[in-house]
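These notes concern the structure reproduced below.
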Number of protein chains: 2
Amino acid sequence: MGDLPLVIEGEGRQRILAAAEKLFSDKAFDAVSMNAIALQAGISKANIYHYFPNKDALYLAVLRAASQSLRTLLNDAVDAHGAVVDVLRHFARCHLQALLDRPEWVRLVWREILEKGASRAQEFAEQGFADVFSALVAVLEAGQSRGELRVDFDPALVATLLLGANVFFFQSRDILRHYPHVTFADDPAGYDAGIVEILLRGLIPVSSVDTTSTR
Amino acid sequence: MGDLPLVIEGEGRQRILAAAEKLFSDKAFDAVSMNAIALQAGISKANIYHYFPNKDALYLAVLRAASQSLRTLLNDAVDAHGAVVDVLRHFARCHLQALLDRPEWVRLVWREILEKGASRAQEFAEQGFADVFSALVAVLEAGQSRGELRVDFDPALVATLLLGANVFFFQSRDILRHYPHVTFADDPAGYDAGIVEILLRGLIPVSSVDTTSTR
DNA sequence: CCTAATATTGACCGATTGGTCGGGCATTGT
DNA sequence: ACAATGCCCGACCAATCGGTCAATATTAGG
């Protein structure tokens, strides 16, 4: 009695996972102590060991959950309906928005990729994002075979370029914001619109001064 | 006597910095102990404190040195001679090669950006790469005013796209390597060649079925 | 050869780390 | 009513952490 049960369906385990996710998302593994996690979760440190055998297992559980959530979130961005150019525009927009909506998950997964070179990254990012990548490649190939896109480029390369543009934006928008020429740091939609437009049209004028048949 | 003086000009301080750079480059700050650094440098832990007041100062010195070295390395990639398209090709190639040649520096700086949001990242990456970014933007603007490039795109956006493509390649080539469609994971030159070509020409066929007037 | 400054060290410190242990508290099936 | 079972905690542990200090090598100058 007395203590107000703020978390009814609490299920201690979820509290722990949430606390760990929050802490692990903005500090490295060794920089997050079990004490801090227990404090954040509002429980005792010893209690964590009732649900998880050790720190690694807890971290792995958090990473697994975040990775899977992020995976489905990103997969939802691929909607292969309509003309290829529209699909690309839609994907770029949704994909970047998904990254920005759940920065904790992205940071969690990306930190793991940075630390463990290709060892554990294989288990998550590789297996976890291969489908997004494949879906994007498939869209591009369809566009090629349907004549909507040129056929003399590598679809996987374009997919990498598009994914990389979004990830890079996510990672360095805080830095880009301070650059004098950058006007899109706070406008992800505008950024993606510009990116896709450049990818589609190219930087070189169509041929000579023919020009402005843009539309 | 006895001990072979492998390092003549050793200058203890450099040994420490080198050891710390190596360790900090593939493990996070809290995951690297002063003991480990001392061991790697082949000296005693207490001796480190003769050259550096504390762990933070040592880390900061390493970060500063790596950041500056990386900065000059990347700046050298910008060579604004010749036609704009050639400059872009040359820059992309050299920039990515610089990243791949000194992965320790890149990982060091990039980890710092990941950890400290925009606080200390400002001091290094921002200040350190603003000139590369500006130079690239200047090249693109020159290309626009000279009529070699279209004028209806944002130069800063293209610069971000190009830099991001290289950084993303550097970060995730270990993952990309395992993707079925990817053939360029071990061919940075080919990757950049393809990237630049796409940026210049665009994905959409010149007009309709005119086609294959490539090259 | 002596001295003074610089390098370098082993031993040590309090604090914090991941992890353990034994026992309370509450719910539940019987 | 009672035993059982899961949940939860304070206290504790050995190991390691960053950092200090007094004492010793090593070097340079006169």
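Letters go in sequence order (proteins before strands), and every chain restarts at 1. From a predicted model like this one, the values you see are computed outputs, not experimental measurements.
Distance A:Tyr59 OH to C:dG18 P: 14 Å, rounded to the nearest Å. We find that CZ of B:Phe52 is positioned 13 Å from P of C:dA7, with the value rounded to whole Å. We find that CD1 of B:Ile37 is positioned 16 Å from P of C:dT8, with the value rounded to whole Å. Taking atom CG of residue A:Leu23 and atom P of nucleotide C:dG18, one finds them 12 Å apart after rounding to whole Å. Rounded to whole Å, the distance from OH on A:Tyr49 to P on D:dA11 is 18 Å. A straight line from CD1 of B:Ile16 to C1' of C:dA7 spans 11 Å, rounded to a whole angstrom. When rounded to the nearest whole Å, the span between CZ of A:Arg15 and C1' of D:dC8 equals 12 Å. At whole-Å resolution of the value, CG in A:Asp30 and C1' in D:dC17 are 11 Å apart.
Rounding to the nearest 0.5 angstrom, the gap separating the CZ atom in A:Phe91 from the CG atom in A:Leu140 is 9.5 Å.
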Sequence neighbours left out, cut at 3.5 Å: what donor-acceptor pairs do the side chains of residues 28-51 of chain A make with other protein atoms?
| residue | atom | partner | partner atom | Å |
| --- | --- | --- | --- | --- |
| A:Ser33 | OG | A:Ala36 | N | 3.0 |
| A:Ser44 | OG | A:Asn47 | N | 3.2 |

Only pairs under 3.5 Å count here: list side-chain donor-acceptor contacts from residues 80-88 of chain A, not counting sequence neighbours, and write none if there are none.
none

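Checking D:dC17, C:dT17, D:dC8 against every side-chain atom of A:Asn35, the shortest atom distance belongs to C:dT17.
Dashed line: the shortest gap from a side-chain N or O of B:Tyr51 to OP1 or OP2 of C:dT8 is under 4.0 Å. A close approach under 4.0 Å does not occur between any side-chain nitrogen or oxygen of A:His50 and OP1 or OP2 of D:dC8.
Both the sub-6.0 Å distance and the 45° axial angle are satisfied by B:Arg102 relative to the ring of B:Trp105. Cation-pi geometry between B:Arg173 and B:Phe170 is satisfied (NZ or CZ under 6.0 Å from the ring centre, within 45° of the ring normal).
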Just by protein heavy atoms under 4.0 Å, how would nucleotides 10-15 of chain C read 5' to 3' in B, S and -? B-----

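A distance below 6.0 Å separates the ring centres of B:Tyr191 and B:Phe169.
Across all strands shown, B:Asn54 has heavy atoms under 4.0 Å from sugar-phosphate atoms exclusively, and none from any base.
Using modelled atom types, one finds a donor on one side chain and an acceptor on the other under 3.5 Å when comparing B:Gln97 with B:Arg93.
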